[in-house]
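To start, the structure itself, in structure tokens.
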Protein chains: 2
Amino acid sequence: MTPAATAAGTRELPHPTRAEIRLEGVLHALSDPVRLSIVRDLAADSEALFACSHFDLPVTKSTTTHHFRVLRESGVVRQTYRGTAKMNGLRRDDLDALFPGLLDALLAAAARQAAAVRSG
Amino acid sequence: MTPAATAAGTRELPHPTRAEIRLEGVLHALSDPVRLSIVRDLAADSEALFACSHFDLPVTKSTTTHHFRVLRESGVVRQTYRGTAKMNGLRRDDLDALFPGLLDALLAAAARQAAAVRSG
DNA sequence: CTCGTAGTACGTCGAATGTCAAACTACGGC
DNA sequence: GCCGTAGTTTGACATTCGACGTACTACGAG
């Protein structure tokens, strides 16, 4: 069934093209603490791909799916299937090309705030 | 009536302290197109204070009030009364201290996106 | 084929968001 | 004191959001 989807053993997921990524959408995606923490984890090892299940999130599976979809549809992450796992990677190249310095500034800001919270 | 509020001819408005400003709140505030455009206008003349009525926004007065409140409560702008007008200024000093480089990266990103949209 | 694991889809729920209109308050000028 | 301008408040409304549970599909291992 659904032969096209199973063609190469990987279902395809819709991603916005680089030109379709909107700043407002990126900011909205990152304005949620759960999603911001996902992106921070992803950025810590920038080339790595992590499965959804690798993140230890304080929400259920279905909510996790929802958050990853928001991140994908806003253009922040790229998702690909690998067997039964869905691998997630930051779209750093696209984001850096569209908004130079923004991702680094955001990550630095998040790190700073996390440090402030820990010590305060 | 309300003598405290009228004391110096200026009602006081609640602002978060620098330490209370949350990155998520700032990102959420800027993820709305109307508010992002306000901040861009404000940043164009960084030291200037503009009255709410100086912005030409595609929404009604009450919605404008709402958006300015979101910006104020998230710590993005500082609002002070001057007679019957409410003056708005970017809290650039606080934002730069908390999240160095973030505001500039955001403004640059917004400018880039606006330019891309204009040129097709 | 069967089972377990990874993730999706769907429906629901409560809270927040963006918008408006209408009635109201505050200040400055006449 | 009165009026007009600037902005607020309130209440309504539709939409979206974040969260959940349950039922489902997809893949790999055995």
Side-chain angles (χ1 to χ4, degrees), chain A residues 1-15 22 24-38 49-74 76-89, chain B residues 1-14 22 24-38 49-74 76-88:
Chain A
M1 308 86 211
T2 62
T6 328
T10 42
R11 290 152 280 177
E12 282 306 318
L13 291 161
H15 287 81
R22 304 273 309 150
E24 294 90 333
V26 172
L27 297 183
H28 173 245
L30 298 183
S31 71
D32 180 279
V34 172
R35 293 192 292 258
L36 186 56
S37 91
I38 292 173
L49 298 178
F50 293 108
C52 292
S53 55
H54 193 261
F55 299 85
D56 191 23
L57 303 175
V59 294
T60 63
K61 258 196 316 179
S62 30
T63 304
T64 300
T65 296
H66 161 71
H67 283 309
F68 274 106
R69 182 172 37 181
V70 172
L71 286 171
R72 170 169 49 81
E73 292 181 346
S74 65
V76 176
V77 308
R78 167 105 47 201
Q79 295 189 299
T80 50
Y81 280 103
R82 190 132 121 197
T84 174
K86 181 148 80 175
M87 309 308 287
N88 298 275
Chain B
M1 302 93 204
T2 64
T6 329
T10 42
R11 290 152 280 175
E12 281 308 318
L13 290 162
R22 304 274 309 151
E24 293 89 333
V26 172
L27 297 183
H28 174 245
L30 299 183
S31 71
D32 180 279
V34 172
R35 292 191 292 260
L36 185 57
S37 92
I38 291 172
L49 299 178
F50 293 107
C52 292
S53 56
H54 192 262
F55 299 85
D56 191 21
L57 302 175
V59 294
T60 63
K61 262 195 315 177
S62 28
T63 305
T64 299
T65 296
H66 162 69
H67 284 308
F68 274 106
R69 182 173 37 180
V70 172
L71 287 172
R72 169 168 49 81
E73 290 181 348
S74 65
V76 176
V77 308
R78 168 106 45 202
Q79 297 188 299
T80 50
Y81 280 102
R82 191 134 121 197
T84 175
K86 181 147 79 172
M87 308 308 287
N88 296 277

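In what follows, chains are A, B, ... by sequence order, proteins preceding strands, each numbered from 1.
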Taking the side chain of [X] as its heavy atoms from C-beta onward, which of [options] lies nearest to it?
X: Ser53(A); options: dG7(C), dT9(D), dG18(D); value: dG7(C)
X: Arg35(B); options: dT19(C), dC27(D), dG18(C); value: dG18(C)
X: Asp32(A); options: dG7(C), dG18(D), dC10(C); value: dG18(D)
X: Thr63(A); options: dA19(D), dA9(C), dA22(C); value: dA19(D)
X: Ala51(A); options: dG7(C), dT17(C), dA19(D); value: dG7(C)
X: His28(B); options: dA9(C), dT17(C), dG7(D); value: dT17(C)
X: Cys52(B); options: dG7(D), dA9(C), dT9(D); value: dG7(D)
X: His66(B); options: dG18(D), dG21(D), dT19(C); value: dT19(C)

*Any N/O donor-acceptor pair, Thr65(A) side-chain to dG7(C) base, under 3.5 Å*: no
OP1 or OP2 of [N] less than 4.0 angstrom from a side-chain nitrogen or oxygen of [X], does that happen here?
X: Thr60(A); N: dA19(D); result: no
X: Thr84(A); N: dT5(C); result: no
X: His67(A); N: dA19(D); result: yes

*asked:* Set out, in order, the CA-CA distance, both residues' side-chain angles and the distance that settles side-chain contact (heavy atoms from CB on, under 4.5 Å) for Phe68(A) and Gln79(A), then state yes or no.
replied: CA-CA 9 Å; Phe68(A) 274 106; Gln79(A) 295 189 299; 3.4 Å; yes
*Atom CD of Glu73(A) and atom P of dC17(D): how far apart are they, to the nearest Å?*
10 Å
